[in-house]
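Read the structure below first, then the notes.
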Amino acid sequence: MAGIRSPIAVVVGHVDVGKTLLLDKIRGTAVAYREPGMITQHIGMSFVPWGAVERFAGPLVDRLRLRGRIWIPGFLFIDTPGHAAFSNLRKRGGSVADVAVLVVDITSGLEEQGLESLNLIRARGVPFVIAANKLDRIYGWQSEENRPFLFAVERQEWHAVAQLEEQIGRLIDQLSRLGIEADRYDRVRDFATQVPIVPTSAVTGEGVADLLLVLAGVSQRFVSKERLTVRDGPARGVVMEVKEERGLGTVADVIIYDGVLRRGDTVVTAGLQGPITAKVKMLIVPKPLDEMRDPEDRYKYVDEVRAAVGVRIVGEGLEGVVPGAPIVAVEGSLEEAVKAVGEEIAAVKIESDKEGV
Ligand code: GDP
């Protein structure tokens with residue numbers, strides 16, 4: 001059964017710009033506005049269903065004329081913005097992220113690691129939006145919790161708006177010197193050539209509605225349907241983390257972005273010395289919130305998972321697997337899978353040599 005999955009979104013940017021707090025806000029929104037049964041749980045990713053966004057952002061959905069026009073099921077946000085394998089959209093290998101949110105501090109503009117992320121986003125051709133965060137720190141800004149930016153800006157004193165415009169103007173200039181056309185999102189005329197800037201505050205929640213709606217629009221327009229179509233074939237994914245778990249041995253937390261992974265599957269992934277073959281003994285996902293009886297009892301074992309999903313693999317032979325490595329399930333010949341992983345690693349080597357890492 002093929003279906004359209006949620007785009008995988010990553011939040012990137014310089015340290016301390018508010019990536020973690022912004023993700024917390026977005027996750028909080030998903031939980032507070034969820035429909036019963038709509039939250040699927042993941043390892044390392046958070047599902048934000050479109051229904052929750054629509055409820056949270058209602059009046060803005062109408063204002064931007066988006067009601068009934070969104071066909072993505074929601075977003076899967078990668079939970080660890082500081083993770084080496086994702087903060088720079090996986091230096092090694094293609095990007096697992098379909099879309100990116102580049103967060104900058106509205107009071108200081110693009111900083112060093114932000115610029116690095118930007119360069120990688122562009123090199124990978126990942127569609128992105130810019131969150132100009134810490135809006136509440138604009139002098140004289142009157143905050144109201146969770147208010148959409150578009151409504152908030154209409155309620156401000158002229159001097160606060162002038163300050164805001166000055167900061168956004170600076171950011172636009174800075175980007176323009178890098179050859180990127182950008183504008184405040186409500187002034188963008190052509191999303192194909194201009195990057196939308198959404199002012200946000202991770203503290204007050206202002207602009208978070210705008211950010212999610214703009215991200216949905218950009219995802220639908222610039223991530224191909226082909227890329228978002230999940231097939232029935234063998235799983236393909238990326239390893240996020242490898243660790244020792246008491247009683248389980250070595251486990252790998254992975255993001256599966258296509259296909260189906262089953263208990264008993266043989267998978268090929270990679271370590272520093274090259275491809276590694278492992279056997280999936282167990283698959284673990286968190287329990288849905290409403291099934292969780294006590295905090296000790298957070299996980300459940302499943303027989304199979306379908307993309308896109310974040311899952312913990314208990315397996316034989318996972319020692320030495322490196323975060324960021326590709327992972328594919330074997331269907332047909334083992335050699336083929338080993339070759340596929342080997343090729344991705346080889347492509348990566350060439351790229352990382354080019355990038356000097
Ligand atoms: P990260 O390093 O990019 O993940 O940044 P954090 O989310 O850890 O935030 C860094 C600091 O900035 C923390 O002290 C946050 O409370 C603060 N911060 C984050 N977002 C905002 C915001 O929108 N407004 C204000 N005033 N502070 C913020």
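Start at 1 and go down the list; that is how both ligands and their atoms are numbered.
For Ala209, the side chain to side chain contact (heavy atoms under 4.5 Å, CB included) test picks out Phe56, Ala57, Leu60, Pro148, with sequence neighbours left out. The side chain to side chain contact (heavy atoms under 4.5 Å, CB included) search around Glu335 returns Ser333, not counting sequence neighbours.
Note on Glu206 versus Arg137: no salt bridge recorded, every NZ/NE/NH1/NH2 to OD/OE distance being 4.0 Å or above.
The immediate protein surroundings of ligand 1, defined as residues with any heavy atom under 4.0 Å of it, consist of His14, Val15, Asp16, Val17, Gly18, Lys19, Thr20, Leu21, Asn133, Lys134, Asp136, Arg137, Ser201, Ala202, Val203.
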Side chains of residues 314-329: which donor-acceptor pairs under 3.5 Å do they make with residues two or more places apart or in other chains?
| from | atom 1 | to | atom 2 | distance (Å) |
| --- | --- | --- | --- | --- |
| Glu319 | OE2 | Thr250 | OG1 | 3.3 |

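A cation-pi arrangement is present between Arg312 and Tyr299 under the rule of less than 6.0 angstrom and at most 45 degrees off the ring axis.
Between Phe75 and Trp50, the ring planes lie perpendicular to each other; the angle is over 60°, past the 30° to 60° tilted range.
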